[in-house]
Structures are given as C-alpha cells and as structure tokens.
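See below for the structure under consideration.
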Amino acid sequence: MPELPEVETYVRELAPQLAGSRVAAAQVFWPRTIAAPDADTFAACVAGLRFTSFGRRGKFMLLGMSDDYTLIVHLRMTGKLLMLPGNATPGAHTHVLLVLDNGRSLHYMDPRKFGRIWLTRRPETVLAKLGPEPLSDDFTPVSLAHALARRRAAVKALLLDQAVVAGVGNIYADEALHRAGIHPAQPGGDLDATACQELHAAIVAVLTEGIARQGSSLGGSGLQNYLRPGGAPGGFQEEHQVFRRTGLPCPRCATPIARMVIAQRSTHFCPSCQPAR
DNA sequence: ATAAGGCCCTGACCGC
DNA sequence: TGCGGTCAGGGCCTTA
C-alpha cells in the first residue's frame, strides 16, 4: 500500500518525466475517482494545463499546474500512476487517462477504485486535517507526545490517524512500533516521554529508510499494490522486521512474530521485543 | 471530543 | 475445473 515513502518515490520519479509537459487530452472512465470537481468538469478543465511543480503532503501527491491549479492524487490502497507511450490503450483498471503533448500518457490505474484525484486552486482545503509532516521540523517528540496525550485508543490506531502524523500507514506503523519496542495495543496516552522520543525517532528512521529503498512492494501472496511509475518495485520490503512476517522469527530476538487486529487492520509485532504493559 | 464500526471495491486465495 | 465465500484495507461517514 502506498504510504509516505512510496508517494515520495512517485513524486521524485514523475517530476523529471512530467516537468513542462502539457495535458493534450483527458478522459475519465470511473467518475468516482475524481473527488472534485465533477468528472466532466475535471476532464474539460485539466486539458491544456501544464505541469509546473511537484510535491507531497502526507500520502497526497501534489502536482502543481499552470493557471494556479494543483492536481492532487491519493493512491489509497492500489492506485498507480504509470507513464506509458502516448498511444497506449487504457487497460481495464485505468480510470483516468491524461494524454500529454510530449508523446507519452499518464495512466491512473486502481483495481480497488479507492484512490481519489482532485483538481483545485485551493489544495489546503483538501489537506486541512493532516497532522505534522513527519520528516519536517514540525514533527518532534514533544508534538507526538502532545498528540497521544490522554488518548485511550491503541497507539497503532493513533499512528494510522493522519491528524496525529501525516503519511504513516499500516506497514510503517508496525515497523516503527517494533523498532521502538512498543506494543501496538498500548493506549497512546500511556506512553511516557521516553517512549514518545523513541517512537518519534523510529518513525523518522523507518520513513527515511523506506524512501532510500524506494518504498515497499508487496506481491506474491497478495496484490502487487505498489509499483514505481516505470513499473519497477521498491526494495524496503526486504527490510521489514515484522510486517506480514507472522510466525517467522523476529530478526532481533528470534521470537515468532505475532499478529492481531487493531482498528480493523492487520498488526504484526514481536511479543518479546514489544511486551504488553 | 473520542472511539468503534460500516462502507466502498475487487483480485487473490481457500475449500469443496 | 469451477464456484462461492472470505479477506485485505485508507479515509470518510455514522453512531454511541
């Protein structure tokens, strides 16, 4: 699933390919993919715009366009953006197609259809509820402690809350909690200052390493739900300590990794390294 | 305000 | 081989 490192990889790899190109034509095949404006308005409005800047906020891709527009893309579970030849036929899972003036086309593909795209002059309205950006100075041990204070929900559930910290999803939440030695079901408000400091450092570390490895690609026994814009996989799955490693030995202590469900999400942890309190 | 559960979707997988 | 049932899961919405 695309989380912050996967989205960051997308932005970095798309930028040089899209910079300066103009949308020659747009087609929407699944209207619900377009969150705003309505699909017909979107297709008419995006045609003719030029890509001017490239950024990211949490798991949202921010593609700046001419005329002060921002194309915002959220891949959710299985969304992909692929750069293909301009005459490439849209596949069964291509829901939005942008034909560019540089001989190529940008295909938004998404088997689960959970992803959403906005075209707006007010991107801040889409991003309003996001918490601090975890790799910026806004995210500190103190800000994390403040966000967790007095919360009774499991710390894992709180890490998935984009208002607590933006960009962490199921993979990096499990990996960060393992690195910090914190049980995922522990109530967020029970973490003391030391635990918050360790969790903060662990979140920064796993996201930074995830970006360095160009994200996590999970396939084989599941959907291949993240591929880079050129179609290549990332490499961080090779570094996973706990995620989808139920029953396998913890790399640190060899105890079998356990699985539980928190906030309706599969949660993987080491019962020895992450003891319940 | 917070927490918990349902919903959207469909490919992959399992058991018969 | 074919078929029905189950699972996964981010963000938004509703409910308590």
Side-chain angles (χ1 to χ4, degrees), chain A residues 1-8 10 28-36 39 56-62 72-81 90-96 108-118 120 123 125-131 133-134 145-177 184-191 203 207 210 215-227 237 240 242-247 259-268:
Chain A
M1 51 228 77
E3 304 178 23
L4 186 153
E6 290 76 24
V7 177
E8 180 67 24
Y10 257 98
V28 177
F29 303 103
W30 186 261
R32 293 189 61 154
T33 296
I34 308 299
R56 177 193 58 72
R57 178 79 170 92
K59 304 175 197 172
F60 292 83
M61 221 178 299
L62 307 177
I72 304 180
V73 180
H74 196 303
L75 302 170
R76 293 275 180 94
M77 291 296 300
T78 55
K80 296 174 195 66
L81 275 175
H93 297 131
T94 296
H95 307 315
V96 179
Y108 177 74
M109 310 163 81
D110 187 357
R112 294 274 158 88
K113 299 178 175 171
F114 282 2
R116 292 292 180 266
I117 295 174
W118 296 255
T120 177
T125 61
V126 178
L127 310 172
K129 294 173 185 168
L130 293 180
E133 190 63 32
H146 187 74
L148 300 181
R150 290 176 297 281
R151 300 290 296 267
R152 300 316 300 162
V155 61
K156 161 72 182 275
L158 295 173
L159 290 183
L160 298 178
D161 181 347
Q162 301 299 293
V164 170
V165 55
V168 174
N170 213 29
I171 297 172
Y172 294 91
D174 281 5
E175 293 297 323
L177 287 166
Q186 187 174 356
D190 287 358
L191 270 63
I203 291 168
L207 294 176
S216 301
S217 292
L218 297 167
S221 61
L223 279 180
Q224 185 74 47
N225 46 23
Y226 162 72
L227 292 173
Q237 67 282 355
H240 290 176
V242 291
F243 191 75
R244 292 199 183 162
R245 297 191 71 249
T246 307
R259 178 186 181 275
M260 64 187 299
V261 174
I262 293 176
Q264 296 165 308
R265 300 291 181 266
S266 282
T267 299
H268 315 78

TODO: Determine yes or no for a side-chain-to-main-chain donor-acceptor pair under 3.5 angstrom, with Q186(A) supplying the side chain and V155(A) the backbone.
DONE: no
Open item on the list: Would the distance check show the side chain of N170(A) and the main-chain N or O of R265(A) forming a donor-acceptor pair, the cut-off being under 3.5 Å?
Closed with: no
Task: 5' precedence on DNA chain C between K59(A) and R259(A) (nearest-nucleotide basis) - done: R259(A)
Open item on the list: Need to verify one output field. Residue with the more 5' nearest nucleotide on DNA chain C, V126(A) or V261(A)?
Closed with: V261(A)
Interatomic distance, [X] [atom1] vs [N] [atom2] [rounded to whole Å]:
| X | N | atom1 | atom2 | value |
| --- | --- | --- | --- | --- |
| K113(A) | dG10(C) | NZ | C1' | 18 Å |
| L127(A) | dG10(C) | CG | P | 19 Å |
| L158(A) | dT2(B) | CG | P | 10 Å |
| K80(A) | dT10(B) | NZ | C1' | 12 Å |
| M1(A) | dC7(C) | CE | P | 17 Å |
| L160(A) | dA4(B) | CG | C1' | 14 Å |
| D161(A) | dA3(B) | CG | P | 9 Å |
| R32(A) | dG11(C) | CZ | P | 17 Å |

Which part of the nucleic acid, if any, lies within reach of [X] when heavy atoms closer than 4.0 Å are counted: base, sugar-phosphate only, or nothing?
| X | result |
| --- | --- |
| R116(A) | nothing |
| Q264(A) | base |
| N170(A) | sugar-phosphate |
| H95(A) | nothing |

Open item on the list: Among dC8(B), dA3(B), dG11(B), which nucleotide has an atom closest to any side-chain atom of F114(A)?
Closed with: dC8(B)
- [ ] From the options dG11(C), dC9(B), dG9(C), select the nucleotide whose nearest atom is closest to the side chain of Q162(A).
- [x] dG11(C)
- [ ] Would you indicate whether the side-chain heavy atoms of R151(A) and D161(A) approach each other to under 4.5 Å?
- [x] yes
Task: Distance (rounded to the nearest 0.5 Å) between E8(A) CD and E6(A) CD - done: 11.0 Å
Side-chain N,O ([X]) to OP1/OP2 ([N]) below 4.0 Å:
| X | N | result |
| --- | --- | --- |
| R265(A) | dA8(C) | no |
| S266(A) | dG9(C) | yes |
| R150(A) | dT2(B) | no |
| R244(A) | dG9(C) | yes |
| R151(A) | dA3(B) | yes |
| H93(A) | dG11(B) | yes |
| H74(A) | dG11(C) | yes |

- [ ] Measure up the W118(A) and F60(A) rings against each other and bin them: parallel (under 30°), tilted (30 to 60°), perpendicular (over 60°).
- [x] tilted
- [ ] State whether the distance check finds a donor on one side and an acceptor on the other, under 3.5 Å, for side chain R76(A) versus base dG9(C).
- [x] no
Open item on the list: Test ring pair (Phe, Tyr, Trp, His ring centres under 6.0 Å) on H95(A) and F29(A); report intermediate values, then the result.
Closed with: CA-CA 5 Å; H95(A) 307 315; F29(A) 303 103; 8.4 Å; no
